[in-house]
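These numbers come from a predicted model, not from an experiment. Remember, it's 1-based here, ligands and their atoms both numbered in the order they're listed.
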Amino acid sequence: MNSAKQSVVAIVPAAGIGARMGASIPKQYLMLGEQTILAHTLDSLISHPNISKVIVALHPEDEFFANLSQANHAKVMTVIGGNERADSVLAALNELSVNQVNATGDTWALVHDAARPCLTQTDIDKLLQSRDHHPQGAILAMPVRDTMKRSIVAKEANSAQVAETVCRDNLWHALTPQLFPCQQLKNNLAAALEQGVQITDEASAMEWAGVNPGLVSGRADNIKVTHPDDLQLAKLFLANIQSV
Ligand SMILES: Nc1ccn([C@@H]2O[C@H](COP(=O)(O)OP(=O)(O)OP(=O)(O)O)[C@@H](O)[C@H]2O)c(=O)n1
Ligand SMILES: C[C@](O)(CO)[C@H](O)COP(=O)(O)O
């Protein structure tokens, strides 16, 4: 079926606590300019014409989401997330299968981290258009530019040492969104988690099932806000994106 006719549901894992950020509140609710990180992320998905629904996976004790204006948007619905990111994504997929994925299963899941607020419409378009030559699904990714080192396991802080240089040929940074047929992603993610497989992104569940997801080159400013110094960078990137 022509990809233009297939429906796309965005899934936003937003149930983390942001431990590495070390803030007093979950990092997705930190301010970035005029809005929270999560609000910026939701705006980028809500505003895309080919995204019909946005399912946000929230921490069971989340007390912030209801205060976002985006919480009341017609496209937005919520589910309770799980202990790990993958569990939160699966919770959203399970919610979808109840009332969204039709018999032919031609609904696509576009999974995007709440912590990546600098996503552009152009990159969403690029990923959606990749379905015609990547019917198995694809992810936004960025080729590695630096020489990559693997460290010796450090015995104490600030004592890391190089163990080896890792060949960077064909090495990419996996970004999000990651785009897969709903039904296949749900089945593969559930099976992988059931087997205790370490799943840190949707592609790794699909790879576990023998799929080779497409790699779609994405913008370098689509960063995941993880550590405190990422906040200023995200502010700069967002201002740049909004100025064009
Ligand atoms: N149980 C979890 C853990 C993470 N996430 C989400 O997955 C995304 C990427 O995870 P990460 O950057 O690691 O966020 P946190 O888990 O919050 O960060 P940390 O690991 O520092 O605690 C985030 O938007 C986070 O909210 C989630 O939905 N459910
Ligand atoms: C999904 C992801 O953003 C791709 O790079 C990354 O795997 C998330 O990792 P995290 O440890 O859950 O932040």
Q. Looking only at heavy atoms, which two atoms of Phe237 and Cys118 are closest? And how far apart?
A.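 For Phe237 versus Cys118, the nearest heavy atoms are CB-SG, 3.9 Å.
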Q. For the residue pair Ala205 and Asn188, what are the closest heavy atoms and their distance?
A.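 Nearest heavy atoms, Ala205 then Asn188: O-CB, 3.9 Å.
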From the options [options], select the one whose nearest heavy atom is closest to [atom].
atom: atom 12 (O) of ligand 2; options: Arg116, Arg85, His112; result: Arg85
atom: atom 2 (C) of ligand 1; options: Arg85, Lys27, Gln28; result: Arg85
atom: atom 1 (N) of ligand 1; options: Ala15, Ala114, Gly82; result: Gly82

How does [X] reach ligand 2, by side chain, by backbone, by both or by neither, if only non-hydrogen atoms under 4.0 Å count?
X: Lys224; value: side chain
X: Arg20; value: side chain
X: Thr226; value: neither

Q.
Atom CG of residue position Asn170 - does it have more than 12 heavy atoms of other residues, nucleotides or ligands inside 6.0 Å?
A.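 Atom CG in Asn170 is not packed in, count stays at 12 or less.
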Q | Heavy atoms of other groups near Glu164 CD, more than 12 under 6.0 Å | A |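 Buried by this count: over 12 neighbours within 6.0 Å.
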Under-4.0 Å heavy-atom contact with ligand 1, by part of [X] that carries it:
X: His59; value: neither
X: Ala14; value: backbone
X: Lys224; value: side chain
X: Glu84; value: backbone

Tell me the protein heavy atom at minimum distance from [atom], and give that distance in Å.
atom: atom 24 (O) of ligand 1; answer: Pro13 O, 2.9 Å
atom: atom 26 (O) of ligand 1; answer: Gly16 N, 3.0 Å
atom: atom 8 (C) of ligand 1; answer: Asp113 OD1, 3.7 Å
atom: atom 13 (O) of ligand 1; answer: Arg20 NH2, 2.6 Å

Under a 3.5 Å threshold, yes or no: a donor from one side chain and an acceptor from the other, between [X] and [Y]?
X: Asn212; Y: Glu207; answer: no
X: Ser52; Y: Ser7; answer: no
X: Asp201; Y: Ser204; answer: yes

**Q.** Given Gln178, Arg85, Gln28, the one that forms side-chain hydrogen bond (donor to acceptor under 3.5 Å, both in side chains) with Asp113
**A.**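 The passing option is Arg85.
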Q: Would you check the N or O atoms of Asp113, main chain and side chain alike, for any that come under 3.5 Å of an N or O of ligand 2?
A: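 It does: an N or O of Asp113 is found under 3.5 Å from an N or O of ligand 2.
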Q: Report yes if some N/O of Ala174 lies less than 3.5 Å from some N/O of ligand 2; otherwise report no.
A: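 Yes.
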(Q) When you compare ligand 1 with Val225, is there at least one nitrogen or oxygen pair between them that comes in under 3.5 angstrom? (A)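 Among all N and O atoms of Val225, none is under 3.5 Å from an N or O of ligand 1.
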Q. Polar-atom distance check: Thr226 versus ligand 1, any N or O pair below 3.5 Å?
A.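 So ligand 1 has no N or O lying under 3.5 Å from an N or O of Thr226.
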Q: Evaluate the side-chain proximity of Leu127 to Asp125: yes if any heavy-atom separation is below 4.5 Å, no if none is.
A: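 Asp125 vs Leu127: side chains apart.
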**Q.** Distance filter under 4.0 Å to Thr200 heavy atoms, resulting ligand 2 atoms
**A.**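 Here the atoms of ligand 2 in question are 1 (C), 6 (C), 7 (O), 8 (C).
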(Q) With heavy-atom distances below 4.0 Å as the criterion, list the atoms of ligand 2 near Asp201. (A)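 This gives 1 (C) as the contact atoms.
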Atom [atom1] in [X], atom [atom2] in [Y]: separation rounded to 0.5 Å?
X: Ser44; Y: Gln121; atom1: OG; atom2: CD; answer: 6.5 Å
X: Ile51; Y: Ile124; atom1: CD1; atom2: CD1; answer: 4.5 Å
X: Thr41; Y: His112; atom1: OG1; atom2: NE2; answer: 5.0 Å
X: Leu110; Y: Ile11; atom1: CG; atom2: CD1; answer: 9.0 Å
X: Leu236; Y: Leu32; atom1: CG; atom2: CG; answer: 10.0 Å

Which atoms of ligand 1 are found less than 4.0 Å from any heavy atom of [X]?
X: Ala115; result: 24 (O)
X: Asn83; result: 1 (N)
X: Ala19; result: 19 (P), 21 (O), 22 (O)
X: Ser88; result: 1 (N), 2 (C), 27 (C), 28 (O), 29 (N)

Q: Report the C-alpha separation of Tyr29 and Asp62 in whole Å, then their side-chain angles, then the decisive distance to 0.1 Å, and conclude whether the side chain to side chain donor-acceptor pair (under 3.5 Å) test is met.
A: CA-CA 10 Å; Tyr29 296 109; Asp62 184 294; 2.5 Å; yes
Q) Does even one non-hydrogen atom of Gly18 get within less than 4.0 Å of ligand 1? A)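 Contact check Gly18 vs ligand 1: positive.
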